[in-house]
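Since the structure comes first, as structure tokens, the remarks are kept for the end.
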Amino acid sequence: MTSRLYHTEPYQTHFEARVVEELTWYGRPAVVLDRTAFYPASGGQPADHGVLDGVPVVDVVARESDGAIVHVLSQELSDQTVAGQVDWERRFDHMQQHTGQHILSAAFEKELGAETVGFHLGGDSSTIDLDVPGLKMEDVEPVEALANEMVWADREVAVRFVGWDALAALCVEPPPDVEGPVRLIVIPGPRGEAGTEFDVNPCGGTHVARTGEIGTVKIVGLEHRGDQTRVTFLCGGRALRDYGDKSHVIDELTGRLTVGYWELDEAVERLREENKELRRSERELRQRLLDAEAVRLVESAEARGPYRLVSRVWQGRSPDELRILARKLAEHSAVVALLFTIDERTHLCFARAEDLTLDMNLLVQDACRRLHGRGGGRAQVAQGSAPATDVSEVERVVSELLTGLGPL
């Protein structure tokens with residue numbers, strides 16, 4: 001069994017140890033030491049990073065078979081006695097988030113009777129899963145306030161190793177698969193009276209020595225997951241960075257809109273309404289322009305027997321406009337429309353008037369076959385797409401289609 005220094009000395013980041021086993025862990029070199037300050041990934045908390053004799057430690061894992069701590073390395077070590085150094089910035093961040101989680105979970109239980117059934121400490125944010133559905137932000141505001149009251153009370157975060165009898169007396173459920181003494185994290189209540197602990201929980205993670213080191217606890221998101229609610233939160237340095245990022249965004253927006261931050265919601269609503277009106281006007285104008293364009297195209301249509309042929313190839317025109325224009329052309333008697341647009345792909349839409357019998361579906365399939373694409377639709381209107389090509393190639397295909405149809 002590796003001696004776990006982080007259990008009793010979470011602030012210790014430098015140590016010396018002896019290599020007791022060298023191995024390969026999923027293709028990477030790894031070692032087991034007789035003692036370590038590196039925390040292995042477990043209980044929702046990621047592993048520590050750092051170096052052993054200058055060699056980066058890329059992962060730390062507790063081996064299930066014997067509890068040994070496996071240090072996964074970027075390369076092999078050369079000595080049997082090594083000096084280790086834990087990445088303190090990463091370690092302290094995890095200590096803030098994990099201790100904050102204890103306080104936040106206890107606050108949820110006290111304020112809402114909600115129990116934590118899951119915890120994950122991520123690289124950017126952390127989450128807890130609660131056994132209650134449909135929580136809203138207004139529901140969690142008193143929870144956040146209570147959690148921060150505990151942070152600012154700057155209570156000691158005590159670590160105790162107790163037997164199972166003591167757990168029963170404290171009404172604490174023992175963790176699964178743990179033999180011998182159980183490690184408890186104990187956070188006294190705001191006034192510190194005996195028997196009024198704010199939180200007592202079995203936990204093997206790393207924690208700050210006093211709640212004040214958490215800085216602040218901020219809930220930043222709620223996600224409804226069936227009969228549970230997932231709470232996303234930030235503590236300490238993460239909360240400060242988040243505040244700074246959002247403050248910068250607010251400053252940028254208020255400067256551009258020339259309003260105070262307290263007026264942003266009204267300014268955004270005005271912009272939203274103006275945008276809706278502009279989009280409505282743009283749609284109406286676009287429809288009128290397409291109506292006029294359709295009329296012009298029909299007026300210049302090529303007469304082919306009893307039919308009027310409109311064949312055009314555009315570059316960069318949207319497929320949506322192509323479809324709208326084809327349908328508008330088909331509203332005119334005796335019109336056959338063969339329309340193409342070329343951007344990242346070649347798009348085509350064929351349509352004909354109701355008083356005609358030509359099958360646009362078969363014609364589109366023939367065109368797509370010649371252009372190495374796919375398409376289809378109904379007898380009156382069909383569409384397809386193919387790899388991008390040049391205008392001359394599309395014109396050649398149109399010529400072949402018309403030749404194959406014979407005189408219209």
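These values consider heavy atoms only, across backbone and side chains, with no hydrogens, waters or symmetry-generated copies. Note that the structure is a prediction, hence the values are computed from the model and not measured. Count residues from 1 along the sequence.
The SG atom of C349 sits 6.5 Å away from the CZ atom of R327 when rounded to the nearest 0.5 Å. Considering CZ of R312 and CZ of R317, their distance stands at 11.0 Å, rounded to 0.5 Å. In this structure, S74 OG and L52 CG are separated by 10.0 Å, a value rounded to the nearest 0.5 Å. One finds the CZ atom of F119 at 11.0 Å from the CG atom of D129 (value rounded to the nearest 0.5 Å). Between the CD atom in E89 and the OG1 atom in T13 there is a gap of 13.0 Å [rounded to 0.5 Å]. In this structure, CZ in R288 is found 13.0 Å from CZ in R283, a value given to the nearest 0.5 Å.
Classification of E223 and R225 as a salt-bridged pair holds, one side-chain N sitting under 4.0 Å from a carboxylate O. With respect to R272 and E269, a salt bridge is recorded, a charged nitrogen being found less than 4.0 Å from a carboxylate O. For the pair R370 and D366, the salt-bridge criterion is met [side-chain N within less than 4.0 Å of a carboxylate O]. Ion pairing between a basic and an acidic side chain is recognised when a charged N comes within 4.0 Å of a carboxylate O; E21 and R63 show such pairing. Salt bridge absent: D48 and R90 never bring a charged side-chain N and a carboxylate O closer than 4.0 Å. Taking 4.0 Å as the cut-off between side-chain N and carboxylate O, D242 and K246 count as a salt-bridged pair. The pair R296-E293 does not count as a salt bridge, with every side-chain nitrogen at least 4.0 angstrom from each carboxylate oxygen.
The distance between the ring centers of F340 and F350 falls below 6.0 angstrom. Aromatic pair F38/H71: ring centres closer than 6.0 Å.
You'll find the side chain of V220 stays beyond 4.5 Å of the side chain of F233, heavy atoms only. Using a 4.5 Å cut-off on side-chain heavy atoms (C-beta onward), M95 and P10 make contact. Contact of the V86 side chain with the Y6 side chain is not registered, since no non-hydrogen atoms from C-beta on lie closer than 4.5 Å. Counting heavy atoms from C-beta outward, R323 and Q383 have side chains that approach closer than 4.5 Å. A 4.5 Å side-chain heavy-atom check between F108 and I128 finds at least one atom pair inside the cut-off. Two residues are said to be in side-chain contact when any heavy atoms from C-beta on lie closer than 4.5 Å; S126 and L234 fail this criterion. Residues E274 and E277 fail the side-chain proximity criterion, which asks for heavy atoms closer than 4.5 Å. A 4.5 Å side-chain heavy-atom check between L222 and R230 finds every atom pair outside the cut-off.
Although no hydrogens or angles enter the test, the distance criterion places a donor-acceptor pair under 3.5 Å between the side chain of Q96 and the main chain of G237. The closest donor-acceptor contact from the side chain of R270 to the backbone of D265 lies at 3.5 Å or more, if one exists at all. Not one N or O on the side chain of T2 forms a donor-acceptor pair closer than 3.5 Å with the backbone of A68.
Between the side chains of S392 and D390, at least one donor-acceptor pair of N or O atoms lies under 3.5 Å. Side-chain contact, D199 with H102: a donor N or O sits under 3.5 Å from an acceptor N or O. Side-chain contact, Y39 with T36: no donor N or O sits under 3.5 Å from an acceptor N or O. A side-chain N or O of N361 and one of Q365 form a donor-acceptor pair less than 3.5 Å apart. In summary, the side chains of Q45 and T206 do present a donor paired with an acceptor at a separation below 3.5 Å, with no hydrogens or angles considered. Side chain to side chain, Q97 and D93 meet the donor-acceptor criterion of an N or O pair below 3.5 Å. Side chains of D154 and T211: no donor on one and acceptor on the other come within 3.5 Å.
V217 and C235 get closest at one heavy-atom pair: CG2-SG, 4.0 Å. Shown here for V310 and A301, the closest heavy-atom pair between the two residues is CG2-CB, 3.7 Å.
More than 12 heavy atoms of other residues, nucleotides or ligands lie within 6.0 Å of CD in E273, so this atom counts as buried by the packing criterion. Around CG of D124, the count of heavy atoms belonging to other residues, nucleotides or ligands within 6.0 Å does not exceed 12. By the neighbour-count criterion of 12 heavy atoms within 6.0 Å, atom NZ of K218 is sparsely surrounded, having that number or fewer from other residues, nucleotides or ligands. In Q12, the CD atom is crowded: over 12 heavy atoms of neighbouring residues, nucleotides or ligands sit closer than 6.0 Å. Other residues, nucleotides and ligands place more than 12 heavy atoms under 6.0 Å from the CZ atom of F161. The 12-atom threshold is not exceeded at CZ of R374, counting heavy atoms of other residues, nucleotides or ligands nearer than 6.0 Å. For E344, the CD atom sits in a loose shell: 12 or fewer heavy atoms of surrounding residues, nucleotides or ligands are nearer than 6.0 Å.
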